[in-house]
Undergrad: 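If you scroll down you'll find the structure; I have some questions about it.
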Amino acid sequence: MSKTPTPVPFVDLHALHQSLQDEIEQAVRDVLDRGDFILGRAVKTFEGDFARACGVSCGIGVSCGTDAIALGLRACGIGTGDEVIVPANTFIATLIGVLHAGATPVLVDCDPDTALMDLEAAERAITPRTQALLPVHLYGQMVSPSGLQAIATRHDLLIFEDAAQAHLAHRDGYTAGSVGMAAAFSFYPSKNLGAGGNGGITVTPNAHIAERLQALRNYGAPQKYVHAYRGTNSRLDTLQAAILNVKLPRLPEWNRQRNEAARRYDRQLEPLRESGIVPMRNDSDRGHVYHLYVVRVTDESPLTRDELAAELEQQGIQTGIHYPIPCHLQPAYRDLGYEEGRFPHAETLSRQILSLPMFPGLSEAQIDRVVRAIETAVRHPVSSAARS
Ligand SMILES: *Cc1c(COP(=O)(O)O)cnc(C)c1O
């Protein structure tokens, strides 16, 4: 191979933060001047604005997305003895959230074309102990709101969304976070809306749940030194909220750019479908906010997923795998009792999926370079074979 062209990073938020530098510095200075570090003004502002953007009345800032799930479920009254249905192919934090609430996660398989929770499998997994469906709007695409609500209504279940990858995603007239009783978001820096560190929020239309959650994140105290609940310390930092306040108004434009980039990937990758490179299906058009752009490297491909990733790395293109091991096969969770082979789609996907570079500001030239590199790899798979 000749000289290596400019690398394409998996995520690059440098330009984005550069453009906001003055505003972020000002917002941080304002917090330092006011000194309202704990549950300060910026937190209140952000909670209101973010909840409104989701089309929901209440938002409660917490310290991370994992706590947004754990405390959110507890505030909904879910805990010991309750079963919560979750997809097997999600980031492990979904599972951690359910377990930290004291509830029992019941795992189900996914649709292999979208990687979203298989709703028929979810319905089959319902038992008399089931209290909630916990859909994950994976990669930035919402699980069908009407599909979820039909099951929830039939079986009198609560819906709790894990929207950590789907800020402002929409589908069938619903915005992520507005489908059920409550929803959790993460502001981990690389999410579609990221803080300068950890952060999370639970949104809910229910004022009682909101009140309980406000106490739970604050030592369980609805008033100072009166501990009505066994709570914890999990508040959204005022400094993080100040940064999020600067970034939130830009989120729709950033999501638009992600969606636009995904469309270009889709178009350019179309001819590679017959070579086994198949993008995950988008069932929600512009409502997909593409936290990740994921393709499957199927058995029709001359290369395995790992070979393709290695080949791209060689050509200076960073990729990711979300996620390489499904939750039920993770060492720490084997005692949940799910054997290998139990969730065939999730397991196959874990071997086939590859996340391509995706971030706001990803240029057309960068996308084209990624696609050309994939083309080269699948058309001339000899080079990787020669290396091994
Ligand atoms: C990031 C993420 C979380 C957890 O968020 P943290 O802020 O890192 O705790 C939960 N669920 C999903 C699907 C995520 O992607």
Side-chain angles (χ1 to χ4, degrees), residues 10-11 13 46 50 59-74 84-101 103 105 107-108 110 114-117 132-143 159-169 176-177 179-180 182-203 213 216-217 232-237 239-241 243-244 247 255 258 280 288-294 320-328 330 333 346 349-350 353 355 358-359:
F10 183 60
V11 177
L13 301 175
F46 180 72
F50 189 82
I60 302 89
V62 294
S63 59
C64 62
T66 308
D67 278 357
I69 298 169
L71 299 178
L73 285 171
R74 282 189 60 195
V84 177
I85 296 178
V86 301
N89 61 320
T90 179
F91 182 53
I92 201 67
T94 311
L95 211 68
I96 296 174
V98 174
L99 289 164
H100 280 194
L107 275 52
V108 297
C110 61
T114 60
L116 297 176
M117 183 159 89
L133 296 171
L134 204 163
V136 179
H137 301 321
L138 200 68
Y139 306 150
Q141 172 161 228
M142 289 178 72
V143 177
I159 298 169
F160 188 102
E161 300 162 73
D162 180 342
Q165 302 190 357
H167 313 71
L168 300 194
V179 177
F185 292 84
S186 162
F187 304 118
Y188 184 87
S190 62
K191 306 282 171 159
N192 288 39
L193 180 62
N198 283 303
I201 197 170
T202 306
V203 300
L213 192 41
L216 282 173
R217 68 163 175 193
T232 188
N233 176 355
S234 179
R235 298 166 296 230
L236 176 62
D237 273 354
L239 281 168
Q240 298 304 342
I243 293 172
L244 291 166
K247 295 177 82 173
N255 281 345
R258 287 174 181 271
M280 301 310 301
H288 193 323
V289 295
Y290 287 98
H291 173 59
L292 296 165
Y293 185 87
V294 177
I321 300 169
H322 302 88
Y323 299 89
I325 305 173
C327 294
H328 66 293
Q330 290 290 353
Y333 300 100
L349 280 181
S350 71
I353 46 178
S355 308
M358 174 55 80
F359 50 90

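Every number for a ligand or one of its atoms is a count from 1 in the order of the listing.
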Undergrad: Taking H167's backbone N and O only, do any of them form a donor-acceptor pair with N255's side chain (distance below 3.5 Å, no angle check)?
TA: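 Yes, N255 side chain to H167 backbone: donor-acceptor pair under 3.5 Å.
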Undergrad: If you count the atoms of ligand 1 from 1 in the order shown, which ones are under 4.0 Å from a heavy atom of A93?
TA: 3 (C), 4 (C), 10 (C)
Undergrad: For the side chain of T232 and the backbone of S234, is there at least one donor-acceptor N/O pair under 3.5 Å apart?
TA: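 Looks like no, no N/O pair under 3.5 Å.
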Undergrad: So, do H322 and Y139 have ring centers that fall under 6.0 Å from each other?
TA: no
Undergrad: K191 to ligand 1: N or O pair under 3.5 Å?
TA: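 In this structure, K191 places an N or O atom under 3.5 Å from an N or O of ligand 1.
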Undergrad: Can you tell me which portion of V136 lies within the under-4.0 Å heavy-atom range of ligand 1? Options are side chain, backbone, both, or neither.
TA: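 For V136, the contact with ligand 1 is made by the side chain alone.
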Undergrad: Can you measure from CG (L239) to CG (L244) and round to the nearest 0.5 angstrom?
TA: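 The distance works out to 11.0 Å.
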Undergrad: Taking the six-membered ring where the residue is Trp, are the ring centres of F50 and F187 under 6.0 Å apart?
TA: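 Centroid separation for F50 and F187: below 6.0 Å.
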Undergrad: For ligand 1, indicate whether the residue A164 contacts it via side chain, backbone, both or neither (heavy-atom separation under 4.0 Å).
TA: side chain
Undergrad: When you compare ligand 1 with G65, is there at least one nitrogen or oxygen pair between them that comes in under 3.5 angstrom?
TA: yes
Undergrad: Considering distance alone, does some N or O of Y188 sit under 3.5 Å from an N or O of ligand 1?
TA: no
Undergrad: Once rounded to the nearest 0.5 Å, what's the spacing between atom CG of N192 and atom CG of L292?
TA: 8.5 Å
Undergrad: What part of D162 sits under 4.0 Å from ligand 1 if we count only heavy atoms: the side chain, the backbone, both or neither?
TA: side chain
Undergrad: As an exercise, identify every atom of ligand 1 less than 4.0 angstrom from a heavy atom of T66.
TA: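 Answer for ligand 1: 4 (C), 5 (O), 6 (P), 9 (O).
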